[in-house]
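In what follows, every chain begins at residue 1, and chains take the letters A, B, ... in the order their sequences are listed.
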Amino acid sequence: MQLRLYDTLTKEKRPFTPLDPSNVRMYVCGPTVYDFAHIGNARPVIVFDVLFRLLRHIYGADHVTYVRNITDVDDKINDRAARDFPALPLNEAIRKVTELTEKQFHDDVDALGALRPTVEPRATEHIAEMRSIIEKLVQGGFAYVAEDHVLFSPQAMNAENSILPRYGALANRSLDEMIAGARVDVAPYKRDSTDFVLWKPAKPGEPSWPSPSGISVPGRPGWHIECSAMAWKHLGEQFDIHGGGIDLVFPHHENELAQSACAFHSDRMANVWMHNGFLQVESEKMSKSLGNFITIRESLADWPGEVLRLNMLKTHYRSPIDWTAKALEESAKTLDDWYEIAADVKADRPSDAVIDALSDDLNTPQMIAALHGLRNIAASGSDRDRGEFAATLRMLGFLSESAAEWKGRKQQASGVDAKQINDLISNRTAARARKDFKESDRIRDELAAMGVVIKDSKEGTTWEFAR
RNA sequence: GGCCACGUGGCGGAGUGGUUACGCAACGGUCUGCAAAACCGUGCACUCGGGUUCGAUUCCCGACGUGGCCUCCA
């Protein structure tokens, strides 16, 4: 089935045609590394990992380039560095914060079953590219220097009657609306309220670099220019897919698009703009003030990463998702079942039904329905059926452990001694053999109190942990 | 205030102009000393009001409700 993707810019689902099938290129906005990533940050990581895997399946693993940046220059990083490492010079403190946070982020997303992107560029290593784009924008008349800042002018962009896209097209709003809706104080050096910063002077002690466009004092980049620079360096002037959270549509992606299109005199930056919906926790917006702020790290203490992964995919990526304990329990139960059936099976080839579901704009709920179908066939079918089920799950980033490892996690988490359980079960079996059902039921209750569920079958008694 | 998205059965959640989503829970059955597990089966739906249509949960208009963006945010 032909891959179809929904494009935020044109607001339609349409067939995906790569610019170059031998090198399909995708850029996704990554983390700003100043603290543990939260469960909301996990959504784009998982969603675009699934897309990455699908593209690799369709075009070949060596023919997809996935770039996810790391933003390591930001006020929040500076604040954190000053707070956590007050004794160090700021630059050193910043490096400590970004290195530590980057490691945390990698550990977390690895646990979620996400493949590492092809390239993970850091903003601070692309200052030259940023300066180069800024110079182009100033020379082209789209940006100007004012009080040691460089500002981009959306008005100038829209005044030019050429192939350039209209500023505001991605967020679907006009410049007039933005001017009318401006609610922040406009900096005095801006010509228009809609102008945004490409480069600004650094405060003393902050990380800084030589400025572009003849500005004599050192400075630092604005937020949006980073992504334009990193995408250009690693994917070229135009590429196939640009992704991120829906909250990035405006202003971040609108501005990125404007910068790149104007700098390269291009009608587009990416062919498809994809945005994942927001995540709520137990029907409430996640926020520090509500106290329902959940980090990936905290979630991983309660659930295997694959449970979080499956849970995330139960909802279509563009819809809002309500993150609840109930849903997680359900996901855990589903994975227990899948592990039992397929974890120790030799993988065959992935199922077309699942590829087809994903090819329809990443319809992961449909994909899961297809997985349930494969599961039922595998449970009573041939080794080949189980091989197909296993291969499909592995392609999607599941079944990274053996069935024993998976089961062992729960035992470990419960702190219960396996030998003690087996002894109790032996005693119960003996009691049942002499028809002492009062005693056998007592033992069963005792095990239940430990969170152990008994399963009797013709072959004997097995047990597992209840959730 | 402006812009946008969404409103499906007890819960989660796809999809479709006329025909089964899927999963969890529930209920019935098989099995069992009784249960659990497993397996088989069953029921339950498309916010409201108009319109278009032979026919709308699906298209259009309106109302109500929920969420998002407009400011750092995945």
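The aromatic rings of A:F152 and A:F196 lie parallel to each other, their planes meeting at an angle below 30°, with 60° marking the opposite boundary.
Counting non-hydrogen atoms under 4.0 angstrom, A:G40 reaches a base of the nucleic acid. Here A:G30 lies out of heavy-atom contact (under 4.0 Å) with every strand. Nucleic acid contact class of A:L371 (heavy atoms, under 4.0 Å, all strands): none.
Separation of the C1' atoms belonging to B:U57 and B:A45 is 9 Å when rounded to the nearest angstrom. A gap of 22 Å separates the P atoms of B:A5 and B:G9, to the nearest Å. The separation of B:C61 from B:A26, taken at their P atoms, amounts to 43 Å, rounded to a whole angstrom. Look at the P atom in both B:G28 and B:A37: the space between them is 14 Å, to the nearest Å. Straight-line distance between the C1' atoms of B:G49 and B:G65: roughly 15 Å, to the nearest whole Å. Taking atom P in both B:A36 and B:G29, one finds a spacing of 12 Å when rounded to whole Å. B:U71 and B:A63 have their P atoms separated by 27 Å, with the value rounded to a whole Å. Look at the C1' atom in both B:G7 and B:U32: the space between them is 46 Å, to the nearest Å.
Picking from B:A14, B:G23, B:A74 the nucleotide with the shortest atom distance to the side chain of A:N41 gives B:A74. When distances are taken from the side chain of A:N363 to each of B:G23, B:G15, B:C73, the shortest belongs to B:G15. Taking the side chain of A:P251 as heavy atoms from C-beta on, and the options B:G23, B:A74, B:C70, the nearest nucleotide is B:C70. The listed nucleotides are B:C70, B:C73, B:G68; the one nearest the side chain of A:I246 is B:G68. Which of B:A74, B:C24, B:C4 sits closest to the side chain of A:N172 comes down to B:C4. Of the candidates B:C3, B:C73, B:C70, B:C73 carries the atom nearest the A:W223 side chain, counting heavy atoms from C-beta on. Comparing B:G67, B:C70, B:C4 against the side chain of A:Q280 picks out B:G67 as the nearest.
Residue-environment remark: NZ (A:K200) exceeds the threshold of 12 foreign heavy atoms within 6.0 Å.
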Item to check | Residues A:N311, A:W323; criterion side chain to side chain donor-acceptor pair (under 3.5 Å); working and verdict | outcome: CA-CA 8 Å; A:N311 200 248; A:W323 196 255; 5.2 Å; no
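With a 6.0 Å cutoff to the six-membered ring centre and a 45° limit on the axis angle, A:R68 does not count as a cation-pi contact of A:F48.
Looking at A:H126 and A:N69, their side chains never come closer than 4.5 Å, going by heavy atoms from C-beta outward. Two residues are said to be in side-chain contact when any heavy atoms from C-beta on lie closer than 4.5 Å; A:V47 and A:L51 fail this criterion.
Residues of residues 308-323 of chain A that place a heavy atom closer than 4.0 Å to RNA chain B, in numerical order, are A:K314, A:T315, A:H316, A:S319.
Applying the side-chain hydrogen bond (donor to acceptor under 3.5 Å, both in side chains) rule to A:K419 yields the partners A:D423; only residues at least two apart in sequence or on another chain are considered.
Ring-base stacking between A:F278 and B:G68 is not satisfied when judged by a centre separation under 5.5 Å and a plane angle under 30°.
Here the shortest heavy-atom pairing between A:S283 and A:D322 reads N-OD1, 2.6 Å.
A salt bridge links A:R444 to A:D441: one of the charged nitrogens lies within less than 4.0 Å of a carboxylate oxygen.
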All N/O pairs under 3.5 Å across the protein-nucleotides 39-43 of chain B interface:
unit_1 : atom_1 : unit_2 : atom_2 : d
B:C39  : OP1    : A:R375 : NH1    : 3.3
B:C39  : OP1    : A:R375 : NH2    : 3.0

Anything under 3.5 Å between a protein N or O and an N or O of nucleotides 30-36 of chain B, put it in a table, one pair a line.
unit_1 : atom_1 : unit_2 : atom_2 : d
B:G33  : O6     : A:S440 : OG     : 3.3
B:G33  : N1     : A:D441 : OD1    : 3.0
B:G33  : N2     : A:D441 : OD2    : 2.9
B:C34  : O2     : A:R444 : NH2    : 3.0
B:C34  : N3     : A:R444 : NH1    : 2.9
B:C34  : N3     : A:R444 : NH2    : 3.4
B:C34  : N4     : A:R444 : NH1    : 3.4
B:A35  : N6     : A:D456 : OD2    : 2.6
B:A35  : N1     : A:D456 : OD2    : 3.2
B:A35  : N3     : A:R444 : NH1    : 2.7
B:A36  : N1     : A:D456 : N      : 3.2
B:A36  : N1     : A:D456 : O      : 2.9
B:A36  : N3     : A:I454 : O      : 3.2

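Between A:K333 and B:A25, a side-chain N or O to OP1/OP2 separation shorter than 4.0 Å is present.
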Item to check | Structure string for RNA chain B in dot-bracket form, Watson-Crick and G-U at under 3.5 Å, | interchain | outcome: (((((((..(((.....[...))).(((((.......)))))....(((((..]....))))))))))))....
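Each of A:R309, A:E306, A:K314 was evaluated against A:S331; a single residue qualifies, A:K314, per the side chain to side chain contact (heavy atoms under 4.5 Å, CB included) test.
Every pair passing salt bridge (charged side-chain N to carboxylate O under 4.0 Å, His left out) that includes a residue from residues 27-40 of chain A is listed here, sequence neighbours excluded: A:D35-A:R80.
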